[in-house]
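What follows is a set of notes on a single structure, which appears directly below.
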Amino acid sequence: MGQKREVPKPLQQLLAWDVEVTNAFVKFVETKCGPMTNYKGYLKGLEYSCHGIPWFLFTGAFIFYVASPSLLQLLVNIFIALVLDVVVVAVVKAVSRRRRPQGNNTKDMFPTISVDKFSFPSGHATRAVLLTSILCLQYNLWLPMSVLVSAWGGAVCVSRVLLRRHHLLDVLGGVVFGVLEARVMSWLWLSQHAAQYVVGCFLDETQAGASYDV
């Protein structure tokens, strides 16, 4: 058996403070709005809306069916961003190994990989911030749409605490990593031609009527 990792005292104090502040925040919200069980359906909806599995499945599937070059470019870049996010979050969680809050109901969680038993950072928060940044900054969305997308991203982050999936610092850490990932994606962003070439590598270019022959 491996030796149990010793956590430095300053970090222990920070984590204890985080637990206390998180509990106080949830209690404050419940005082103002009522028990979170009354809003469980809405909070779970936000959880599903930003879960990695549906995003991977739908993004990957639509890549091979869209005809618009600009939409194809968006989907390919989003898929790359999702891969980047999964790698970053998995590595950081494996290193940090912080347990989820005591109030979390693991059986109530959407199917997750084993590393997701850890809490820092919040993968939903990183993904929400990453996707919001891509949609709002790379595509200069119409203002009302930008507000709507940003509100969704913020709501996903807050829901992680109210569902007791994460502590506040887990979510704040997720926000920071999401911003950094968005920055990296701005450097890696594929052009329309590059995106078409990537997709073309996975298609039979000799197929009659193929849309992505290069």
Side-chain angles (χ1 to χ4, degrees), residues 39 41-93 110-113 116 120-163 165-166 168 170-200 202 211-212:
Y39 306 94
Y42 300 105
L43 297 175
K44 290 289 291 182
L46 288 168
E47 179 173 73
Y48 295 149
S49 73
C50 197
H51 198 283
I53 293 177
W55 273 94
F56 267 110
L57 291 177
F58 287 108
T59 303
F62 280 116
I63 281 176
F64 297 100
Y65 288 98
V66 297
S68 168
S70 60
L71 183 54
L72 175 67
Q73 178 191 23
L74 173 61
L75 291 175
V76 170
N77 280 287
I78 285 180
F79 193 87
I80 294 172
L82 292 173
V83 173
L84 171 66
D85 177 62
V86 166
V87 172
V88 170
V89 171
V91 170
V92 177
K93 282 190 174 185
F110 196 79
T112 57
I113 57 177
D116 252 8
F120 182 88
S122 166
H124 276 71
T126 64
R127 196 173 302 111
V129 172
L130 174 60
L131 293 172
T132 299
S133 299
I134 288 176
L135 294 174
C136 292
L137 299 180
Q138 289 287 351
Y139 277 81
N140 295 320
L141 293 179
W142 183 45
L143 181 58
M145 185 61 69
S146 295
V147 172
L148 183 61
V149 171
S150 299
W152 168 77
V156 168
C157 292
V158 174
S159 72
R160 307 314 290 158
V161 178
L162 297 181
L163 275 172
R165 303 295 196 218
H166 296 280
L168 282 171
D170 301 332
V171 173
L172 291 177
V175 170
V176 171
F177 279 107
V179 170
L180 293 176
E181 290 172 358
R183 182 63 177 173
V184 171
M185 280 305 303
S186 70
W187 297 331
L188 299 177
W189 196 258
L190 299 183
S191 65
Q192 289 185 13
H193 178 75
Q196 289 179 325
Y197 177 79
V198 169
V199 174
F202 294 92
S211 301
Y212 305 113

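Nothing fancy with the numbering, it's 1 onward along the sequence.
The aromatic rings of Y39 and Y42 lie tilted to each other, with the angle between the two planes from 30° to 60°.
The nearest pair of heavy atoms linking C157 to V175 is SG-CG2, 4.1 Å. Between F120 and G173, the shortest heavy-atom distance links the atoms CE1-CA, 3.9 Å. Here the closest non-hydrogen pair linking Q73 and A195 is CA-CB, 3.8 Å.
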Where do V176 and V129 land on the side-chain contact (heavy atoms from CB on, under 4.5 Å) test, with the steps shown first? CA-CA 9 Å; V176 171; V129 172; over 6 Å; no
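A distance-only check finds no donor-acceptor pair linking the side chain of R160 to the backbone of H166 [under 3.5 Å]. For the pair H124 (side chain) and V156 (backbone), a donor-acceptor distance under 3.5 Å is absent. A donor-acceptor distance shorter than 3.5 angstrom exists from the side chain of S49 to the backbone of L46, with no hydrogens or angles considered.
Here L148 contributes atom CG and L135 contributes atom CG; the two are 11.0 Å apart, rounded to the nearest 0.5 Å. Note that CG of D85 is 7.5 Å distant from CZ of F56, once rounded to the nearest 0.5 Å. In this structure, CG on L71 lies 9.5 Å from CZ on F62, to the nearest 0.5 angstrom. Atom CD1 of I63 and atom CG of N77 lie 9.5 Å apart (nearest 0.5 Å). With values rounded to the nearest 0.5 angstrom, L72 atom CG is found 9.5 Å from F64 atom CZ. Separation of atoms CG (L163) and CG (L43) is listed at 4.5 Å; rounding is to 0.5 Å.
Looking at heavy atoms from C-beta onward, E47 lies out of side-chain contact with S159 at the 4.5 angstrom threshold. Side-chain contact between L130 and L82 is absent, with no heavy atoms from C-beta onward closer than 4.5 Å.
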Output side-chain donor-acceptor pairs under 3.5 Å for residues 178-191, partner residues at least two apart or in another chain, one line each.
residue: S186; atom: OG; partner: R183; partner atom: O; Å: 2.5
residue: S191; atom: OG; partner: A194; partner atom: N; Å: 3.2

